[in-house]
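For reference, the structure discussed in these notes is given below.
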Amino acid sequence: QQPVQSPQAVILREGEDAVINCSSSKALYSVHWYRQKHGEAPVFLMILLKGGEQKGHEKISASFNEKKQQSSLYLTASQLSYSGTYFCGTESWENYGQNFVFGPGTRLSVLP
Amino acid sequence: GAVVSQHPSWVICKSGTSVKIECRSLDFQATTMFWYRQFPKQSLMLMATSNEGSKATYEQGVEKDKFLINHASLTLSTLTVTSAHPEDSSFYICSARERGFSNQPQHFGDGTRLSIL
(Lines give C-alpha, C1' and ligand atoms only; values in the text may rest on other atoms or scores of the structure.)
Protein backbone atom coordinates (compact mmCIF):
# COMPACT_ATOMS: atom_id res chain seq x y z
CA GLN A 1 0.00 0.00 0.00
CA GLN A 2 1.34 3.38 -1.03
CA PRO A 3 2.56 5.65 1.78
CA VAL A 4 1.03 9.09 2.19
CA GLN A 5 3.15 12.18 1.69
CA SER A 6 2.40 15.69 2.82
CA PRO A 7 2.34 18.36 1.67
CA GLN A 8 1.70 17.66 -1.99
CA ALA A 9 3.59 20.75 -3.00
CA VAL A 10 5.49 23.56 -1.34
CA ILE A 11 7.01 26.80 -2.59
CA LEU A 12 9.89 28.36 -0.69
CA ARG A 13 12.17 31.32 -0.96
CA GLU A 14 15.86 30.55 -0.96
CA GLY A 15 17.06 30.18 2.61
CA GLU A 16 13.73 29.04 4.06
CA ASP A 17 13.13 25.68 5.70
CA ALA A 18 10.71 22.91 4.78
CA VAL A 19 9.47 19.63 6.22
CA ILE A 20 8.09 16.77 4.15
CA ASN A 21 6.24 13.97 5.88
CA CYS A 22 5.74 10.35 4.89
CA SER A 23 3.42 7.99 6.74
CA SER A 24 2.34 4.41 6.27
CA SER A 25 -0.49 2.22 7.47
CA LYS A 26 1.95 -0.69 7.80
CA ALA A 27 4.71 -1.39 10.30
CA LEU A 28 7.86 -0.22 8.58
CA TYR A 29 11.28 -1.80 8.31
CA SER A 30 12.91 1.05 6.44
CA VAL A 31 12.26 4.39 4.82
CA HIS A 32 14.15 5.67 1.79
CA TRP A 33 14.18 9.24 0.51
CA TYR A 34 14.83 10.26 -3.10
CA ARG A 35 14.77 13.49 -5.05
CA GLN A 36 13.82 13.64 -8.70
CA LYS A 37 14.35 16.61 -10.95
CA HIS A 38 12.19 17.08 -14.00
CA GLY A 39 13.06 14.64 -16.76
CA GLU A 40 15.67 12.87 -14.70
CA ALA A 41 15.85 9.68 -12.67
CA PRO A 42 15.45 9.76 -8.88
CA VAL A 43 18.58 10.33 -6.84
CA PHE A 44 19.07 8.59 -3.52
CA LEU A 45 19.25 10.89 -0.49
CA MET A 46 19.22 8.63 2.54
CA ILE A 47 17.86 5.47 4.11
CA LEU A 48 16.58 5.11 7.66
CA LEU A 49 16.49 1.68 9.21
CA LYS A 50 15.91 2.06 12.89
CA GLY A 51 13.20 3.72 14.83
CA GLY A 52 14.40 7.01 16.18
CA GLU A 53 17.18 7.16 13.65
CA GLN A 54 18.13 10.52 12.28
CA LYS A 55 20.44 11.16 9.42
CA GLY A 56 21.73 14.19 7.68
CA HIS A 57 23.47 15.18 4.51
CA GLU A 58 24.58 18.79 4.39
CA LYS A 59 21.41 20.70 5.18
CA ILE A 60 19.03 17.85 4.45
CA SER A 61 18.18 15.49 7.28
CA ALA A 62 15.52 12.96 8.13
CA SER A 63 14.00 11.15 11.06
CA PHE A 64 12.15 7.86 11.39
CA ASN A 65 9.48 7.31 13.99
CA GLU A 66 8.99 3.58 13.89
CA LYS A 67 6.07 3.52 16.30
CA LYS A 68 4.18 6.13 14.38
CA GLN A 69 5.15 4.49 11.11
CA GLN A 70 6.30 7.75 9.68
CA SER A 71 9.33 9.64 8.55
CA SER A 72 10.06 13.32 8.01
CA LEU A 73 12.56 14.98 5.70
CA TYR A 74 13.95 18.34 6.82
CA LEU A 75 15.40 20.83 4.37
CA THR A 76 17.21 23.66 6.10
CA ALA A 77 18.18 26.96 4.53
CA SER A 78 16.98 25.71 1.18
CA GLN A 79 18.98 26.30 -1.97
CA LEU A 80 17.77 26.62 -5.54
CA SER A 81 19.22 23.19 -6.24
CA TYR A 82 16.80 21.63 -3.77
CA SER A 83 13.92 22.11 -6.20
CA GLY A 84 12.42 18.87 -7.40
CA THR A 85 9.99 16.17 -6.37
CA TYR A 86 10.77 14.27 -3.21
CA PHE A 87 9.64 10.69 -2.87
CA CYS A 88 9.70 8.49 0.16
CA GLY A 89 9.87 4.74 -0.31
CA THR A 90 8.71 2.50 2.48
CA GLU A 91 9.61 -1.10 3.10
CA SER A 92 7.24 -2.85 5.44
CA TRP A 93 7.88 -5.87 7.61
CA GLU A 94 5.06 -7.50 5.71
CA ASN A 95 7.02 -7.19 2.46
CA TYR A 96 10.45 -7.58 3.99
CA GLY A 97 13.03 -8.65 1.44
CA GLN A 98 10.92 -7.44 -1.44
CA ASN A 99 10.75 -4.06 -3.08
CA PHE A 100 9.47 -0.97 -1.40
CA VAL A 101 6.61 1.27 -2.42
CA PHE A 102 7.07 4.90 -3.41
CA GLY A 103 4.82 7.64 -2.11
CA PRO A 104 3.07 10.03 -4.50
CA GLY A 105 5.78 12.67 -4.12
CA THR A 106 6.06 16.22 -2.81
CA ARG A 107 6.90 18.89 -5.34
CA LEU A 108 9.30 21.45 -3.90
CA SER A 109 10.01 24.73 -5.66
CA VAL A 110 12.70 27.04 -4.30
CA LEU A 111 12.54 30.57 -5.67
CA PRO A 112 15.34 33.14 -5.58
CA GLY B 1 29.29 5.05 -5.90
CA ALA B 2 27.04 2.49 -7.50
CA VAL B 3 26.18 3.32 -11.10
CA VAL B 4 23.31 2.02 -13.19
CA SER B 5 23.41 2.62 -16.91
CA GLN B 6 20.20 2.62 -18.94
CA HIS B 7 20.08 2.69 -22.70
CA PRO B 8 18.68 4.20 -24.84
CA SER B 9 17.71 7.57 -23.35
CA TRP B 10 15.15 8.39 -26.02
CA VAL B 11 13.19 6.24 -28.43
CA ILE B 12 10.75 7.48 -31.04
CA CYS B 13 9.22 4.82 -33.22
CA LYS B 14 6.13 3.83 -35.15
CA SER B 15 3.21 1.96 -33.71
CA GLY B 16 3.69 -1.81 -33.86
CA THR B 17 7.44 -1.69 -33.32
CA SER B 18 9.08 -3.61 -30.49
CA VAL B 19 11.53 -1.66 -28.35
CA LYS B 20 14.26 -3.05 -26.11
CA ILE B 21 15.64 -1.12 -23.15
CA GLU B 22 18.81 -2.20 -21.37
CA CYS B 23 19.72 -1.69 -17.75
CA ARG B 24 23.23 -2.42 -16.52
CA SER B 25 24.82 -2.19 -13.10
CA LEU B 26 28.34 -1.03 -13.87
CA ASP B 27 30.25 -1.54 -10.66
CA PHE B 28 28.19 -3.90 -8.56
CA GLN B 29 26.25 -7.10 -8.88
CA ALA B 30 22.50 -6.85 -8.78
CA THR B 31 20.57 -10.02 -8.21
CA THR B 32 17.41 -7.97 -8.42
CA MET B 33 16.51 -5.14 -10.73
CA PHE B 34 13.29 -3.20 -10.94
CA TRP B 35 11.40 -1.65 -13.80
CA TYR B 36 9.23 1.39 -13.30
CA ARG B 37 6.95 3.44 -15.45
CA GLN B 38 6.28 7.08 -14.75
CA PHE B 39 3.67 9.39 -16.24
CA PRO B 40 4.12 13.17 -16.09
CA LYS B 41 3.77 14.60 -12.59
CA GLN B 42 3.09 11.19 -11.11
CA SER B 43 4.97 8.81 -8.88
CA LEU B 44 7.00 5.83 -9.99
CA MET B 45 4.84 2.83 -10.71
CA LEU B 46 6.56 -0.50 -10.26
CA MET B 47 5.97 -2.72 -13.26
CA ALA B 48 8.03 -5.76 -12.42
CA THR B 49 10.87 -7.15 -10.37
CA SER B 50 13.57 -8.82 -12.40
CA ASN B 51 15.47 -11.67 -10.79
CA GLU B 52 18.69 -13.02 -12.22
CA GLY B 53 18.25 -16.49 -13.60
CA SER B 54 14.52 -16.70 -13.01
CA LYS B 55 11.27 -15.29 -14.28
CA ALA B 56 10.32 -11.74 -13.51
CA THR B 57 7.60 -10.97 -11.01
CA TYR B 58 5.01 -8.66 -12.51
CA GLU B 59 2.78 -6.27 -10.62
CA GLN B 60 -0.95 -6.61 -10.91
CA GLY B 61 -2.28 -5.14 -14.12
CA VAL B 62 1.02 -5.29 -16.02
CA GLU B 63 0.84 -7.54 -19.08
CA LYS B 64 3.83 -9.86 -19.04
CA ASP B 65 3.40 -10.72 -22.71
CA LYS B 66 3.51 -7.04 -23.53
CA PHE B 67 6.47 -6.14 -21.35
CA LEU B 68 9.07 -8.89 -21.63
CA ILE B 69 11.80 -8.87 -19.02
CA ASN B 70 15.02 -10.81 -19.16
CA HIS B 71 17.69 -10.80 -16.46
CA ALA B 72 20.47 -12.67 -18.19
CA SER B 73 23.29 -11.88 -15.79
CA LEU B 74 24.02 -10.23 -12.46
CA THR B 75 24.64 -6.94 -14.23
CA LEU B 76 22.10 -6.83 -17.05
CA SER B 77 18.33 -6.73 -17.31
CA THR B 78 16.32 -5.88 -20.39
CA LEU B 79 12.76 -4.71 -20.89
CA THR B 80 11.17 -5.25 -24.29
CA VAL B 81 7.96 -3.44 -25.09
CA THR B 82 6.41 -5.64 -27.74
CA SER B 83 4.25 -4.23 -30.52
CA ALA B 84 4.26 -0.82 -28.88
CA HIS B 85 1.29 1.51 -29.29
CA PRO B 86 0.84 5.21 -28.45
CA GLU B 87 -0.58 4.38 -25.02
CA ASP B 88 2.76 2.75 -24.17
CA SER B 89 4.48 6.12 -24.49
CA SER B 90 5.98 6.93 -21.12
CA PHE B 91 9.16 7.37 -19.10
CA TYR B 92 10.61 3.97 -18.17
CA ILE B 93 13.20 3.74 -15.39
CA CYS B 94 15.16 0.79 -14.12
CA SER B 95 16.86 0.44 -10.78
CA ALA B 96 19.07 -2.06 -9.03
CA ARG B 97 19.98 -2.95 -5.51
CA GLU B 98 23.20 -4.57 -4.44
CA ARG B 99 23.31 -8.06 -3.01
CA GLY B 100 22.01 -8.25 0.52
CA PHE B 101 19.82 -5.42 -0.55
CA SER B 102 17.52 -4.96 2.38
CA ASN B 103 19.83 -2.32 3.81
CA GLN B 104 20.81 -0.88 0.47
CA PRO B 105 19.26 1.94 -1.53
CA GLN B 106 18.01 1.60 -5.04
CA HIS B 107 20.29 3.02 -7.70
CA PHE B 108 18.43 4.31 -10.71
CA GLY B 109 19.31 4.47 -14.35
CA ASP B 110 18.74 7.73 -16.19
CA GLY B 111 15.48 6.52 -17.69
CA THR B 112 14.22 5.98 -21.21
CA ARG B 113 11.66 8.30 -22.74
CA LEU B 114 9.56 6.26 -25.14
CA SER B 115 7.36 7.95 -27.71
CA ILE B 116 5.21 5.85 -30.01
CA LEU B 117 3.80 7.60 -33.03
Side-chain angles (χ1 to χ4, degrees), chain A residues 1-9 20 22 24 28-50 53 55 57 60 62 64 71 73 83-109, chain B residues 1-7 9-10 21 23-25 28 30-51 56-60 62 69 77 90-115:
Chain A
Q1 191 168 359
Q2 189 179 48
V4 175
Q5 281 186 242
S6 63
Q8 288 184 308
I20 300 172
C22 173
S24 174
L28 297 177
Y29 170 75
S30 68
V31 179
H32 305 232
W33 285 98
Y34 290 80
R35 176 173 61 211
Q36 184 180 30
K37 293 187 179 285
H38 181 69
E40 300 178 8
V43 172
F44 170 72
L45 294 176
M46 62 191 80
I47 179 174
L48 300 116
L49 293 169
K50 298 177 184 177
E53 185 173 20
K55 279 192 174 178
H57 175 68
I60 299 175
F64 179 21
S71 175
L73 185 72
S83 293
T85 301
Y86 290 79
F87 294 99
C88 67
T90 56
E91 193 166 28
S92 67
W93 283 102
E94 186 177 301
N95 292 324
Y96 178 77
Q98 302 173 32
N99 192 21
F100 54 74
V101 181
F102 282 101
T106 295
R107 188 178 300 271
L108 176 72
S109 300
Chain B
V3 177
V4 173
S5 173
Q6 187 173 340
H7 177 81
S9 301
W10 286 83
I21 303 170
C23 181
R24 293 180 185 272
S25 57
F28 67 98
T31 51
T32 306
M33 290 185 174
F34 306 95
W35 288 96
Y36 293 87
R37 184 173 180 175
Q38 188 177 33
F39 292 104
K41 297 185 180 180
Q42 293 190 21
S43 186
L44 297 135
M45 183 191 79
L46 180 66
M47 298 174 65
T49 301
S50 170
N51 302 298
T57 304
Y58 289 83
E59 296 299 303
Q60 195 171 11
V62 178
I69 291 172
S77 176
S90 190
F91 189 49
Y92 292 87
I93 313 175
C94 72
S95 71
R97 291 175 95 171
E98 297 184 55
R99 284 185 164 186
F101 67 70
S102 290
N103 297 343
Q104 301 293 328
Q106 285 198 9
H107 303 287
F108 285 87
D110 288 334
T112 297
R113 195 162 301 281
L114 177 63
S115 296

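The sequence lines fix the lettering, A, B, ..., with proteins before strands; numbering per chain opens at 1. Since this is a predicted model, take the numbers as computed values, not measurements.
Using a distance-only test at 3.5 Å, with no hydrogens or angles considered, a donor-acceptor pair links the side chain of Ser43(B) to the main chain of Gly103(A).
Asn51(B) CG: more than 12 foreign heavy atoms inside a 6.0 Å radius.
Under the side chain to side chain contact (heavy atoms under 4.5 Å, CB included) criterion, Phe91(B) pairs with Gln36(A), Gln38(B), Ile93(B), Arg113(B), sequence neighbours left out. In this structure, the side chain to side chain contact (heavy atoms under 4.5 Å, CB included) partners of Glu59(B), at least two apart in sequence or on a different chain, are Leu46(B), Val62(B).
Among Gln42(B), His107(B), Lys41(B), Gln6(B), the residue with the largest count of heavy-atom pairs under 4.5 Å with chain A is Lys41(B).
Distance check, rounded to the nearest 0.5 Å: CZ of Phe102(A) to OH of Tyr36(B) gives 4.5 Å.
Considering all non-hydrogen atoms of both residues, Asp110(B) and Ala41(A) come closest at CA-CB, 3.9 Å.
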